[in-house]
Amino acid sequence: DVQLQASGGGLVQAGGSLRLSCAVSGLTFGNSAIAWFRQAPGKEREGIACIVSDNDDTVYSDSVKGRFTIASDNAKNTVYLQMNNLQPEDTALYYCATGGNYCTDRSDIISTSVFNSWGQGTQVTVSS
């Protein structure tokens, strides 16, 4: 079974940083697309970053590009999301997910339709 365990969330002031971790098991890590999504109350789940480590391929949503960085450690089967310059609008439950070898759908969106295995989520709260 594929399992994903997200961790690293917390409370931070605006302008601060956090690093999320996603420990993955049960799949071939290197050629699997591993993505981060987030969901704020009352909003749809948004794909924000994705990586396929064997290809060194990364994708970001416009909302986080330039502030967040996704990286992987193949030896640890772990994907990280370094989040800098956090803002109150980044407050959400953050999930990691996997589902195949591609990060995006045909519209080049990190879409929930591409991923079928999900971790439990870790809360990120940014105060103003």
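Here the CD1 atom belonging to Ile48 is positioned 8.5 Å from the CD1 atom belonging to Ile70, to the nearest 0.5 angstrom. The structure places OG of Ser53 at 8.0 Å from CD1 of Ile34, a figure rounded to the nearest 0.5 Å.
A salt bridge (Lys or Arg N to Asp or Glu O under 4.0 Å) check over residues 9-26, counting only residues at least two apart or in different chains, returns nothing. Counting only residues at least two apart or in different chains, salt bridge (Lys or Arg N to Asp or Glu O under 4.0 Å) contacts with residues 28-40 comprise Arg38-Glu46, Arg38-Asp90. Sorted by first and then second residue, the ring-ring contact (aromatic ring centres under 6.0 Å, His included) pairs involving residues 19-77 (not counting sequence neighbours) are Phe37-Phe115, Phe37-Trp118. Listed by first and then second residue, the side chain to side chain donor-acceptor pair (under 3.5 Å) pairs involving residues 78-89 are Ser17-Asn84, Gln82-Asn84, Asn85-Gln87 (not counting sequence neighbours).
Considering only residues two or more places apart in sequence or on other chains, Lys65 meets the side chain to side chain donor-acceptor pair (under 3.5 Å) condition with Asp62. Among residues two or more places apart in sequence or in another chain, the side chain to side chain contact (heavy atoms under 4.5 Å, CB included) test is passed with Asn101 by Asn31. Among residues two or more places apart in sequence or in another chain, the side chain to side chain donor-acceptor pair (under 3.5 Å) test is passed with Gln120 by none. With sequence neighbours excluded, the residues forming a side chain to side chain donor-acceptor pair (under 3.5 Å) with Ser111 are Ser113, listed by chain and number. With sequence neighbours left out, Ser61 forms a side chain to side chain donor-acceptor pair (under 3.5 Å) with Ser63.
Residues Leu18 and Ile51 share a single hydrophobic cluster, defined by chaining ILVMFWY side chains whose heavy atoms lie under 4.5 Å apart.
In this structure, the side chains of Leu81 and Val64 stay at 4.5 Å or more apart for every pair of heavy atoms. Residues Tyr95 and Leu4 have side chains not in contact (no heavy-atom distance under 4.5 Å, counting atoms from C-beta outward).
Applying the under-4.5 Å side-chain rule to Ile, Leu, Val, Met, Phe, Trp and Tyr, the cluster around Tyr102 consists of that residue alone.
The two residues Ser32 and Thr28 have their closest heavy-atom pair at OG-O, 2.6 Å.
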Which pairs of donor and acceptor atoms, one on a side chain in residues 103-110, lie under 3.5 Å apart (sequence neighbours left out)?
| residue | atom | partner | partner atom | Å |
| --- | --- | --- | --- | --- |
| Asp105 | OD1 | Ser107 | N | 2.9 |
| Asp105 | OD1 | Asp108 | N | 3.2 |
| Asp105 | OD1 | Ile109 | N | 2.9 |

Below 3.5 Å, can you tabulate the donor-acceptor pairs from side chains in residues 121-128 to any protein atom, sequence neighbours excluded?
| residue | atom | partner | partner atom | Å |
| --- | --- | --- | --- | --- |
| Thr122 | OG1 | Gly9 | N | 3.0 |
| Gln123 | NE2 | Ala92 | O | 3.3 |
| Gln123 | NE2 | Thr125 | OG1 | 3.4 |

